[in-house]
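Quick notes on the structure that follows.
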Amino acid sequence: MENKNNLGEASIFKLMLRYSLPCILSLLISAIYNTVDQIFIGNSSLSTLGNAATGVVFPVLILSQGFAWCIGNGTSTNLNICQGKNDQQHAHKSVGTAISATLIISVILMIILFPLQKEVLMLFGASDQNIDYAMEYLNWILIFLPTFMFTNMLSTVISADGSPLISMLTMLSGAIVNIILDPIFIFSLDMGMTGAALATGIGQVASTIITIIYFCHTKTFKLHLNSFKIDFHELFISFKLGFSTLITQITLLIVTVTTNSLLRKYGMEAIYGADIPVAIFGITGKVYAILINLVVGIVLGCQPIISYNMGAKNYHRLKLIYQYMLYLAIGVSLVFTLIFQLAPDFVIKLFGNPTNIPNPDDYWEFARLTFRVYLMLVVCTSVIKINAIFFQAVGKPLFALVTSVVRDIVCFLPLILLLPLSMGINGILVAAPISDAIAFLTAVIFAFIFFKEINKRERKLKEEALV
């Protein structure tokens with residue numbers, strides 16, 4: 001069992017290394033799953049149309065990952081808060097319920113999406129040129145959906161159980177399998193989109209097997225057969241604590257689908273056509289995910305430390321943890337910003353040269369513009385992500401929810417609908433930095449309100465200690 005005093009008294013820097021580093025690596029590995037597929041696809045004969053196809057399938061992964069992360073993050077937060085209060089009697093029910101609920105939701109999504117693939121993909125921005133590639137890819141992604149959701153949900157629970165290294169290794173094993181199989185299936189066996197999807201799915205099966213083995217040897221709770229009977233009270237707690245994550249993913253889904261549709265529309269009105277903008281935004285999304293996963297890994301890895309110290313009323317340590325996370329996130333984001341502004345071609349070339357489109361020069365022009373404008377203020381985005389997950393970890397779901405939706409729903413979505421009316425496709429690109437700046441100010445205001453309350457609580461504890 002995790003030494004609770006360790007979370008409340010040990011060096012914050014050492015704790016962050018122990019918990020955040022494996023979590024960062026786990027999330028990076030998760031991002032690599034789709035990124036590796038896209039790199040191999042872009043460098044094959046599938047080229048730009050293949051990349052565009054993965055871009056329109058991506059919303060399906062966003063939605064399924066949203067449910068998995070919602071349940072997983074909520075269950076982990078609940079587990080760690082109970083540890084801080086020395087109350088762990090419902091731990092096995094919470095985790096067992098989370099496993100059962102995740103599997104049920106994955107099956108429901110499969111039943112809904114299998115017969116509606118073409119309609120859903122066209123809604124998500126597919127064109128007549130890439131729809132066949134997209135359907136071929138989605139078919140296999142849906143078959144492996146339960147394993148995808150299962151490993152994504154339980155990776156944070158494993159970390160909360162005091163085994164962040166195991167959490168990382170479960171994801172790493174799947175990524176290694178994926179990286180080995182991608183070139184074999186795509187190039188050697190010429191399996192195209194099917195090969196890319198199969199490599200990803202088999203990798204997820206490998207991760208799932210390791211996860212199942214771990215849950216036979218947990219540290220802070222033991223699963224029994226009756227643990228998997230859904231306890232709706234525990235499920236409600238997990239959903240409540242992880243709800244902001246679900247809202248974030250649904251928001252991302254709405255934004256991605258709307259953006260793909262508008263890119264197709266305004267791309268056809270510009271020189272780029274329908275496929276170039278969708279393909280470039282697919283690449284941008286994968287690169288952006290790497291940065292965001294780095295930032296999210298910092299705060300998500302610290303979630304057990306944050307939740308424990310909040311429950312134990314160690315407010316001074318809570319403030320220090322927040323400061324360290326913020327400094328790290330800003331530093332990482334600044335490095336990425338420099339790369340996006342000064343060397344976008346270096347990143348774009350990793351995903352291959354365009355070979356199956358009429359005007360490759362238009363591809364490079366739009367790619368550079370997207371990286372330099374759309375990703376201009378990723379530093380602000382990183383601060384927003386830090387605050388949203390931090391508020392979730394301290395049991396402030398309303399703060400987390402509002403912080404999560406302001407950027408995408410309140411700002412970005414209306415702007416990408418309005419700005420292109422006068423600016424064309426460039427309006428979609430400009431909408432991002434404007435939204436980042438407004439949402440950043442909102443996150444800062446909420447942080448000020450929260451820590452003002454924490455300072456009051458801290459003063460009250462000191463006064464009570466003197467009495």
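Owing to the predicted nature of the structure, the values given are computational and were not obtained by experimental measurement.
Shown here are the salt bridge (Lys or Arg N to Asp or Glu O under 4.0 Å) partners of Lys349, two or more places apart in sequence or in another chain: there are none.
The cationic atom of Lys286 (NZ for Lys, CZ for Arg) lies less than 6.0 Å from the six-membered ring centre of Phe58 and within 45° of the ring axis.
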**Item:** Stepwise side chain to side chain contact (heavy atoms under 4.5 Å, CB included) check, Ile112 with Ile108
**Value:** CA-CA 6 Å; Ile112 294 172; Ile108 291 172; 3.8 Å; yes

**Message:** Is there a salt bridge (Lys or Arg N to Asp or Glu O under 4.0 Å) between Lys396 and Glu453? Walk through the geometry before answering.
**Reply:** CA-CA 12 Å; Lys396 291 285 184 180; Glu453 176 189 341; 3.4 Å; yes

**Message:** The test is ring pair (Phe, Tyr, Trp, His ring centres under 6.0 Å); show your working for Phe40 and Phe185 and say whether it passes.
**Reply:** CA-CA 10 Å; Phe40 281 113; Phe185 289 166; over 10 Å; no

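The nearest pair of heavy atoms linking Met191 to Glu136 is O-OE2, 3.6 Å. The two residues Thr75 and Ser238 have their closest heavy-atom pair at OG1-OG, 3.0 Å.
Checking side-chain atoms of Ser64 against main-chain N and O of Leu61 turns up a donor-acceptor pair under 3.5 Å. A donor-acceptor pair is defined here as one N or O able to donate and one able to accept, closer than 3.5 Å; no such pair exists between the side chain of Ser100 and the backbone of Thr97. A donor-acceptor pair is defined here as one N or O able to donate and one able to accept, closer than 3.5 Å; such a pair exists between the side chain of Ser207 and the backbone of Thr170. Of the possible donor and acceptor atoms, none in the side chain of Gln392 sits under 3.5 Å from a partner among the backbone N and O of Ala400. A side-chain donor-acceptor contact under 3.5 Å links Ser20 to the backbone of Ile298. Remark: side-chain polar atoms of Asn178 are not paired, donor with acceptor, to backbone N or O of Gly203 under 3.5 angstrom. A donor-acceptor contact shorter than 3.5 Å links the side chain of Ser435 to the backbone of Phe412.
Between atom OG of residue Ser333 and atom CG of residue Leu377 there is a gap of 11.0 Å, rounded to the nearest 0.5 Å. Ile425 CD1 to Leu419 CG: the interatomic distance, rounded to the nearest 0.5 Å, is 13.0 Å. Once rounded to the nearest 0.5 Å, the distance linking OG1 of Thr442 with CD1 of Ile445 reads 6.0 Å. Remark: Ile230 CD1 to Ile104 CD1 distance equals 3.5 Å, nearest 0.5 Å.
With a 6.0 Å radius and a threshold of 12 heavy atoms from other residues, nucleotides or ligands, Met135 has its CE atom above the threshold. Dense packing is recorded around CZ of Phe187, with more than 12 heavy atoms of other residues, nucleotides or ligands lying under 6.0 Å away.
Inspection of the Thr370 and Thr284 side chains reveals no N or O donor paired with an N or O acceptor under 3.5 Å. There is a side-chain donor-acceptor pair under 3.5 Å between Thr156 and Ser76. Under 3.5 Å, the side chains of Trp69 and Asn152 contain a donor-acceptor pair of N or O atoms. Asn426 and Tyr266 are not linked by any side-chain donor-acceptor pair at a separation below 3.5 angstrom, with hydrogens and angles left out of the test.
In this structure, Phe281 and Leu429 have side chains that are in contact, with non-hydrogen atoms separated by less than 4.5 Å. You'll find the side chain of Trp364 reaches within 4.5 Å of the side chain of Ile348, heavy atoms only. Looking at Leu398 and Phe243, their side chains never come closer than 4.5 Å, going by heavy atoms from C-beta outward. Contact annotation: the side chain of Thr194 never approaches that of Asn139 to less than 4.5 Å [non-hydrogen atoms, C-beta and beyond].
Residue pairs meeting the salt bridge (Lys or Arg N to Asp or Glu O under 4.0 Å) criterion with at least one partner in residues 416-440, sequence neighbours excluded, are Arg407-Asp436.
The aromatic rings of Phe450 and Phe391 lie perpendicular to each other, with more than 60° between the two planes, well past the 30° mark.
Phe390 pairs with exactly one of Phe399, Phe451, Phe446 by the ring-ring contact (aromatic ring centres under 6.0 Å, His included) rule, that one being Phe451.
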